[in-house]
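Hydrogens, waters and symmetry mates play no part in the numbers below; they use all other heavy atoms, side chains included. Not measured: the values here are computed from a predicted model. Each chain gets a letter, A, B and so on, in the order the sequences are listed, and its residues count up from 1.
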Amino acid sequence: MQVPEPSLFDEEDDAPLPARSTSAPATSRRIAHLDMDAFYASVELLRYPQLQGLPVVIGGSRRRTDDALLKQHEGLPLAEIPIEAFPLLKDYTGRGVITTATYPARQFGVGSAMGLMKAAKLCPQAILLPVDFDEYRRYSRRFKEVILEIAPVMEDRGVDEVYIDFTEVPGGQRESGRTLARLIQKSIFEATGLTCSIGVAPNKLLAKMASEFNKPKGISIVQVSDLQEKIWPLPCRKINGIGPKTDEKLQALSISTIGELAARSKGELVERFGRSYGAWLHEAAWGRDERPVVTESEPVSVSRETTFERDLHAVRDKAELAAIFTSLCERVAADLQRKGYEGRTIGVKLRYADFKSVTRDQTLDFHTADAQAIRHAAGLCLKRVDLQRRFRLLGVRVGGLRKV
DNA sequence: TCTGGGGTCCTAGGACCC
DNA sequence: TCTGGGGTCCTAGGACCC
């Protein structure tokens, strides 16, 4: 194994030691990452089992009209609606991206975040279903309840992902965690009919990568000793925290794989990526990560935004925009009230036709969750942005939250 | 025919205070 | 009058994630 050279920029010696639980020394931690398989699509398939095995894509705007096709069959149980009645991707026109694709659809090269119009070229015959967040949230709650009954230290990472600390769970160390992972998979399937993939490793970073190894329905165990063989050949993008921008910079330095990243000195990475991110890149490439599984956290901000069906202009589309703006403020206010928070930093976001975004915010000297107060402050923010150009998105955000 | 919506965290400069 | 370092808050933008 290659050992990085010490560097002038290496200030790790001065850094405080990472917090470490005395009952669970880092070397024996067993952390799992659980990822639901094609979650939104799988939930839809529970409703529409006749679509099993077909390419299905979830996404698009809620204003789609072809739901009417489904309405024609209102009298029928959902499972008996004929396949021909479902809207096809090729008939979709408008903005929007794929949120999830079934595995048969992925074979055509379509996947998350791809524009629907582009996806329609790759797989025109795919069935397109609109997103139903309320339904996904219901299933999300159910599978997380199942996990919590088995392993109480769980970190929520969104609607379809969690980290689980196996370390202190009875039997959590057996077969390096495989036994417990199997139990969780089976229990979730029995309770919901949904499948998931689980990676188990000494830390969150490696567990997250491991959960992708055997999708769908997979279980993967990664040990520290597997670093060279299983992790280093992977592209850097597989590290959670390296996105497209960083990857591009790394490529420019002839760094494509995690192993190539690990071979660079921490000093070089710190020089090129900054003290904090550079040092983190180095640690990540060596599979080191001491972050604990965090079971509770407070929200930082609440926001609502919407992309228009066509680009709008502040003057020419004044009435339409005013209505949208008011509605966004009302929805943010409702979200805050429902969650029991109020905030004092109010902001707006605009995205212009060229996709460039701007934000403006303003901190009040009082907290609020009131739609009118939010609209007033957000309105002042709006006056500080360039409203001459057409824009495609408007958003309203409230930060600086405190519990009511 | 490009590119959703909801978040978090980080950086960096300026204001302001001690 | 000039010259200092903090420290904290505010604001804007950007990277990243699900």
Side-chain angles (χ1 to χ4, degrees), chain A residues 33-36 38-40 57-64 89-100 111-122 124 130-131 133 136-137 140 155-163 204 208 211-212 236-249 273-281 284 291 294 297-311 328 331-332 335 339 344-365 381 384-385 392-401:
Chain A
H33 179 259
L34 181 151
D35 199 63
M36 299 300 289
F39 185 56
Y40 298 178
V57 152
I58 316 296
S61 95
R62 58 252 153 252
R63 287 183 289 270
R64 276 173 49 250
L89 188 50
K90 71 174 166 68
D91 297 322
Y92 183 84
T93 51
R95 291 173 160 159
V97 297
I98 293 179
T99 58
T100 327
S112 296
M114 180 180 288
L116 287 171
M117 288 306 182
K118 187 177 172 193
K121 280 205 274 189
L122 293 167
V131 290
F133 260 107
Y136 311 149
R137 264 194 289 270
S140 184
E155 176 176 334
D156 220 305
R157 295 299 299 184
V159 78
D160 70 338
E161 271 187 33
V162 295
Y163 289 104
K204 296 207 295 194
K208 168 83 181 168
S211 68
E212 272 196 57
C236 295
R237 270 307 305 265
K238 294 287 178 188
I239 292 176
N240 190 245
I242 296 182
K245 300 289 179 181
T246 301
D247 191 46
E248 206 176 308
K249 277 175 83 177
F273 294 91
R275 193 148 92 185
S276 155
Y277 194 59
W280 175 82
L281 282 174
R291 290 171 302 162
V294 177
S297 63
E298 289 286 308
V300 173
S301 67
V302 171
S303 68
R304 288 281 180 164
E305 64 185 48
T306 187
T307 295
F308 321 131
E309 272 154 299
R310 58 183 181 90
D311 298 350
L328 288 170
R331 287 156 71 196
V332 171
D335 292 343
K339 296 177 178 174
R344 57 191 280 263
T345 303
I346 317 291
V348 297
K349 169 169 146 188
L350 266 77
R351 179 128 69 207
Y352 292 106
D354 65 2
F355 220 68
K356 291 220 165 58
S357 307
V358 293
T359 62
R360 292 292 180 271
D361 58 47
Q362 183 197 359
T363 299
L364 308 173
D365 49 17
C381 291
R384 293 192 277 135
V385 305
R392 55 181 289 140
L393 172 147
L394 181 61
V396 174
R397 193 185 91 102
V398 177
L401 302 185

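As rounded to whole Å, 13 Å separates atom C1' of B:dT8 from atom CG of A:L401. Rounded to a whole Å, the NZ atom of A:K204 is 13 Å from the C1' atom of B:dT8. Between the C1' atom of B:dG4 and the OH atom of A:Y136 lies a distance of 13 Å, rounded to the nearest Å. Distance A:Q362 CD to C:dC9 P: 18 Å, rounded to the nearest Å. Taking atom CD on A:E212 and atom P on C:dC17, their separation rounds to 11 Å, with Å as the unit. Atom CG of A:N240 and atom C1' of C:dC16 are 9 Å apart (whole Å). The distance between atom CG of A:L116 and atom P of B:dG4, rounded to the nearest whole Å, is 9 Å. Distance, A:D311 CG to B:dG4 P: 11 Å, rounded to whole Å.
By the 5.5 angstrom centroid cut-off and the 30-degree plane limit, A:F355 is classified as stacked against the base of B:dT3.
Both A:S276 and A:K118 lie close to DNA chain B; mapped to their nearest nucleotides by heavy-atom distance, the more 5′-ward contact belongs to A:K118. Each of A:V300 and A:K121 has a nearest nucleotide on DNA chain B; the 5'-most of these lies closest to A:K121.
The backbone N or O of A:F355 sits nowhere less than 3.5 Å from a side-chain atom of A:R392 that would complete a donor-acceptor pair. Not one N or O on the side chain of A:T345 forms a donor-acceptor pair closer than 3.5 Å with the backbone of A:Q362. A donor-acceptor distance shorter than 3.5 angstrom exists from the side chain of A:R344 to the backbone of A:L364, with no hydrogens or angles considered. A donor-acceptor pair is defined here as one N or O able to donate and one able to accept, closer than 3.5 Å; such a pair exists between the side chain of A:R237 and the backbone of A:I242. Remark: the backbone N or O of A:A38 is not paired with any side-chain donor or acceptor of A:T100 at under 3.5 angstrom. Between the side chain of A:S211 and the backbone N or O of A:K208 there is at least one donor-acceptor pair closer than 3.5 Å.
Residue A:S303 places no side-chain N or O under 4.0 Å from the OP1 or OP2 atom of B:dG5.
With a cut-off of 3.5 Å on both pairing distances, the Watson-Crick and G-U wobble pairs of DNA chain B assemble into stems of 3 or more at B:5-18 with C:5-18.
Note: A:Y136 and A:Y40 have parallel aromatic rings, judged against thresholds of 30 and 60 degrees for the angle between ring planes.
C:dC2 takes the anti form, because its glycosidic angle lies more than 90° either side of 0.
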